[in-house]
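What follows is a single structure, written as structure tokens, with notes after it.
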Amino acid sequence: MTGFVTRFAPSPTGYLHLGHAFSALVVNAAARKADGVMALRVEDIDQTRCRPEFEQAIYDDLSWLCLEWPKPVRRQSDHFDDYRAALQVLIDKALVYRCFKTRKEIADEIARAPHLARSGPEGPQYSGAALPPDEEAARVEAGEAYAWRLSMAAARDHLGTNYKLLSFCEETKRGAVERPATPEIFGDAVIARKDAGTSYHLASVHDDALQGVTHVIRGEDLAAAAHLHCLLQRLLGYLTPVYRHHRLITGDDGQRLAKRNRSATLHALREAGVDPSEVRAQLGF
Ligand code: GLU
């Protein structure tokens, strides 16, 4: 066994489809090739969309595909305190600010200044600032909901010349490339959502560090996230893993598979008595 640790980190917001199977098989093959470990992590911070039957189906689908992983599985919903503590590190360094704005307010603000509007990986780039302390305290006191956003300006100031030196290693088919990180493409990213007290970004980098992940292997739809994750790792004092991004599986219509496309779910294939080795073979395994 080597020190190679990677992970498959699905969210139980629907049944897994062939795209997830491909991802899990790619991650598993990389772990086997390196004589390492594939951890399974359930990313269920969105308690309004995650459901127990989808979580159970993750275990059943992956077992059906003959995959194995160390137990116990880390379920993010059991660890909100950990993410709160990581957020506190950023609060203490004044790198995040409370944002009370609704999506609509942000959209209206951007519409009023279209010449400044830029689009990032998660929609329009937004940058704001903390409210004056009195106003902020009054709105917190009144129980108004807020998100925490990472201030890119504060992060830049905090890191000084090191900001420009941020980079991560991406392993591609043509070899390893050191990529300069450009987290500013996200604008002031939401680090703790109004409804969840954390975000995918914060929980994911926290857990990758905690679980000793050396290689993050995931779909190319998340390639941009590495830029922000690299910054968060630096700010939180975590090591930056190596990144690999695999291609996405598309349906017959050439479109990316989505959880709402029911026919392609692994659950449906399993129920229909499909042989899992056929699925593995179809995906090139
Ligand atoms: N939970 C994410 C998803 O299901 C994956 C995140 C990751 O691999 O970093 O899309």
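Atom set for the values below is all heavy atoms of this structure, side chains included, hydrogens, waters and symmetry mates excluded. No experiment lies behind these values; they were computed from the predicted model shown. We count ligands from 1, going down the list as the structure has it; atoms in each ligand are counted the same way.
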For Glu43, atoms of ligand 1 separated by under 4.0 Å from a heavy atom: 1 (N), 2 (C), 5 (C), 6 (C)
Side-chain donor-acceptor pair present, Gln211, His206, cut-off under 3.5 Å: no
Arg7 near ligand 1 by a heavy-atom separation under 4.0 Å: yes
Within reach of ligand 1, part of Ser204 (heavy-atom separation under 4.0 Å): side chain
Ligand 1 to Leu222 polar contact by distance, N or O atoms, under 3.5 Å: no
Asp207 side chain to Tyr83 side chain, donor-acceptor N/O pair below 3.5 angstrom: yes
With His158 via ring pair (Phe, Tyr, Trp, His ring centres under 6.0 Å) - residues at least two apart: none
Heavy-atom donor-acceptor pair, His20 side chain to His17 backbone, under 3.5 Å: yes
Result block: side-chain N/O donor-acceptor pairs under 3.5 angstrom for residues 277-284, not counting sequence neighbours:
from, atom 1, to, atom 2, distance (Å)
Ser277, OG, Asp275, OD1, 2.8
Ser277, OG, Asp275, OD2, 3.2
Arg280, NH1, Leu65, O, 2.4

Ligand 1 versus Tyr200: contacting region, heavy-atom distance under 4.0 Å: side chain
